[in-house]
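Shown next, in structure tokens, is the structure this report addresses.
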Amino acid sequence: MEITVTIPDELAREIIPEGVDPARQVLEDMAVEAYRAHRLTGAQLRRLLGIPSRYDLDTFLKKRGVWLEYTLEDFRSEGEITRPLLAQQEKESEQEQRSR
């Protein structure tokens, strides 16, 4: 889809930094806002902007002031998932030490 936007010159100078491609700036701004509003996933945002990896996307988003949404519930859920894995790792480590 192609979209044309008309912005008065005096406002365009305020919105688009000097030396930046206006079309790219508008696309990035629109895409970031759609991501913040949960209308785009990270994978869709990467594809739309041609960002090669999740790490590059994280860097891009941090520069735009968009932080990973990580709630207390997310933390607790990861703890529940990780707890058995850590217990298994500890058990295997103890067995390995006994066999030496």
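These values consider heavy atoms only, across backbone and side chains, with no hydrogens, waters or symmetry-generated copies. When a residue number appears, it is its place in the shown sequence, counting from 1.
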Joint hydrophobic cluster, Val5 plus Ile16, side-chain heavy atoms closer than 4.5 Å: yes
Please report the interatomic distance OG(Ser99) to CD(Gln95), rounded to the nearest 0.5 Å. 8.5 Å
Tell me whether Ser93 contacts the main-chain N or O of Gln89 through its side chain, where contact means a donor paired with an acceptor under 3.5 Å. no
Determine yes or no for a side-chain-to-main-chain donor-acceptor pair under 3.5 angstrom, with Gln44 supplying the side chain and Thr41 the backbone. yes
Do Phe60 and Tyr35 land in one hydrophobic cluster if side-chain heavy atoms of ILVMFWY residues count as linked below 4.5 Å? yes
Between Arg54 and Asp58, does any NZ, NE, NH1 or NH2 come within less than 4.0 Å of an OD or OE carboxylate oxygen? yes
So, Thr71 and Asp74: side-chain donor and acceptor under 3.5 Å apart, yes or no? yes
Might you point out which heavy atoms bring Arg64 and Asp29 nearest each other, and give the distance in Å? NH1-OD1, 2.6 Å
Can you give me the closest heavy-atom contact between Ala31 and Leu48, atom names plus distance? CB-CD2, 3.5 Å
List in chain and number order the residues that pass side-chain hydrogen bond (donor to acceptor under 3.5 Å, both in side chains) with Glu94, two or more places apart in sequence or in another chain; answer none if no residue qualifies. none
Search all heavy atoms of Ile7 against all heavy atoms of Leu11 and return the closest pair with its distance. CG2-CB, 4.0 Å
Which pair of heavy atoms, one from Leu57 and one from Arg46, lies closest together, and at what distance? CD2-CG, 3.5 Å
Test Ser53 against Asp56 for side chain to side chain donor-acceptor pair (under 3.5 Å), laying out the working first. CA-CA 5 Å; Ser53 73; Asp56 292 331; 3.1 Å; yes
If the threshold is 4.0 Å, N to carboxylate O, is there a salt bridge linking Glu28 and Arg24? yes
Can you get from Leu40 to Met1 by hopping between Ile, Leu, Val, Met, Phe, Trp and Tyr side chains that sit under 4.5 Å apart? no
Establish whether Ile15 and Met30 are linked, either directly or via other cluster members, by ILVMFWY side-chain heavy-atom contacts under 4.5 Å. no
Tell me, with the steps shown, if Leu61 and Leu45 meet side-chain contact (heavy atoms from CB on, under 4.5 Å). CA-CA 10 Å; Leu61 290 172; Leu45 183 60; 3.8 Å; yes
Are Tyr55 and Ile51 linked, directly or through other ILVMFWY residues, by side chains that come within less than 4.5 angstrom of each other? no
What distance separates Glu78 CD from Arg83 CZ, expressed to the nearest 0.5 Å? 12.0 Å
Arg47: side-chain contact (heavy atoms from CB on, under 4.5 Å) partners, not counting sequence neighbours: none
